[in-house]
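Residue numbers start from 1 in every chain, and the chains themselves are labelled A, B, ... in the order their sequence lines are given, proteins ahead of strands. Just so it is clear, the values below take in all heavy atoms, side chains as well, and ignore hydrogens, waters and symmetry mates.
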Amino acid sequence: MSQVENRFEAVSGAVWRCLGSEIGLVLRRRRNQVLLAGLAALPIVIGLAVKLVSSQVGGGAGLITRITNSGLFLAAVVFVVSMPLFLPLVISVVAGDALASETQLGTTRYAMILPVSRTKWLAMKAVGLLAFVIVGVATVLVVSLVAGFALFGINGMTLLSGDTISPWAGVGRIALMSVYVVASELGLVAVGLFISSLTDVPIVAMAGTAIVPAVCTVLLAVPQLQAIQPGLLTYHWLDLTTFLFAQPDVALIRQGLVVQLAWVAVFGSLAWARVASTDVKA
Amino acid sequence: MSQADDANVTADAVVTTTGLVRRFGKQVAVDGIDLAVPSGSVFGFLGPNGSGKTTTIRLLLGLLGADAGTIQLFSQPMPKAASKVLPRVGAVVEGPAFFPYLSGDANLARLQAIDKTDDPRTARVRRAEALERVGLTAAARKPYHHYSLGMKQRLGIAGALMRPRDLLILDEPTNGLDPQGTREIRNLIRGLHADGATVIVSSHLLSEVEQVCTHVGIMSRGRLIAQKSMDDLRTARVPRLSVQVTSSTATAARKALTKLKLKPEGTDPAHMLVTIGDVPVPKIAKALVDAGADILGLSVEQPGLEDIFVELTGVGFDVAG
């Protein structure tokens, strides 16, 4: 009888095994690896373009020309460029897919009858997505730094405020920036999970998720909507440039994080309510 | 048919439902069924496509919520006791489902990894044993999307067999399998039964499971229209005599049978089916010979489940409810 009873006990390390499996599933998937390769290509393409073109044209305005002064700026430029479109698109694909693809395959029902609790199911999906976002942003960070140093050399970084900081301090700034980028995508991950829980057609969930930041960006362009704009998902996304000033605006960063947490709270709860309801569609 | 007649040993039933109802919109998929699956039985859960078998199974496993009624697995309420009960249950529901880009073995490993009660120390061995048991060892490393329908079905069953189970629920386990594969599944079910597990096998093909079942429940249009042990079913069956004669003597043969107060049935006049009743077979044979009928074949037939189903419902088995 004790043998029977033992079968209901959780084995030690079960949580880590489960999360490891989920993260492995996300990162080993060929489609996701292609997306990561796309992210990795971005700094190389921008870096080469700047290197080749600026040597002929020379000068120019804004962030991009600063790359030629310090390779560190390549990472900053890549984050600023990918923040509004490319990165959210990549994340929408993976997040929209998370629950919907398992429902479509039917693997959800086999997980449920193991059993895996609904809350754990959602949590492991969220962790898998978070891992993907972190790996994606880290990929951009590392490739940007390597490409930037290789193409433009390791120089001190002249900030937008005019001060020059050491290369190591510059790496620190860029690293902080990447952490903010990861945090800025959390709301989108929650939105993706919720939309993914609504359907068993992954492509619909992906498109539905990708539309959300696009709509937010459109709303930001309408002055009459000023009252709601600070709460929009994308409102603080480009505030990541504050890390390029000698004194980053901490209040701004805090507001950005609060907005993300609010979106996580709302859409995370909606997703949970959806996943926890009794019927498993597939 | 009163439920009292059908009631099996409810006392040590592994699965019990009372008044179970599930609707999808206006359609009543499961219409108040009282299921009792005795411990240690091989329970054939039979009925045409669309009769509510799969919906019932999904209700049992907590994949669907019931609109009314109660469900007990191992005397514990479902879905409330799911975390206690489901580790004792292995199931294949609505066909196998795995990640197409992972190998069979990797797919099973994934199931083990997310099961918090699965012991990682023995995981690999149990996986290999389950694959061996369904004959998939050679294909274990191949990606799932290269599997044939039959191999997919086998992997689904392997997934249910990775741990010792007290109850196995196999929903249409022979779908997509060739006759050899079907035979293997039957042997597998016999083996599981011999090991002491209770097995519920659903099928819309009666003949496939008839041979392995100790009990059957027959579904039609969301209702459980019969629930009996095979022994009860056999004794309740009335054997029939198949009479085949040359067509020139068919009329004479028919007359002879009618004279014995028998009612020949069947569409072919030269091949009659007769419910024997208490007339001894030799007497029928003699009457036929005396009437000048040239007998080509004379045999007593035990009606199969299919005939019983038609008897119970008045419709053919292939008609979806």
So which residue, Pro100(B), Gly156(B), Pro120(B), ends up with the most heavy-atom pairs under 4.5 Å with chain A? Pro120(B)
Any idea which of Ala91(B), Ala97(B), Ala82(B) has the most non-hydrogen atom pairs under 4.5 angstrom with chain A? Ala97(B)
Near [X] [atom1], under 6.0 Å, is it more than 12 heavy atoms from other residues, nucleotides or ligands?
X	atom1	value
Arg121(B)	CZ	no
Trp272(A)	CH2	no
Lys84(B)	NZ	no
Leu27(A)	CG	yes
Arg23(B)	CZ	no

Hey, does [Y] have a side-chain heavy atom less than 4.5 Å from the side chain of [X]?
X	Y	answer
Thr107(A)	Phe99(B)	yes
Asp115(B)	Val116(A)	no
Leu114(A)	Ile114(B)	yes
Leu25(A)	Arg110(B)	yes

For the atom pair OH (Tyr110(A)) and CG (Leu63(B)), what is the distance rounded to the nearest 0.5 Å? 9.5 Å
Inter-residue atom distance Arg109(A).CZ - Arg58(B).CZ, 0.5 Å rounding: 7.5 Å
At a 4.5 Å cut-off on heavy atoms, which part of Tyr101(B) comes close to chain A: side chain, backbone, both, or neither? side chain
Checking side chain to side chain contact (heavy atoms under 4.5 Å, CB included) between Ile113(A) and each of Val92(B), Ile169(B), Val93(B), Val89(B), which is the one that passes? Val93(B)
For Ser21(A) against Ala113(B), the heavy-atom pair lying closest together: CB-CB, 3.5 Å
Between Arg17(A) and Asp118(B), what is the shortest heavy-atom contact and its length? NH2-O, 3.1 Å
Checking Lys116(B) side chain against Gly13(A) main chain: does a donor-acceptor pair fall under 3.5 Å? no
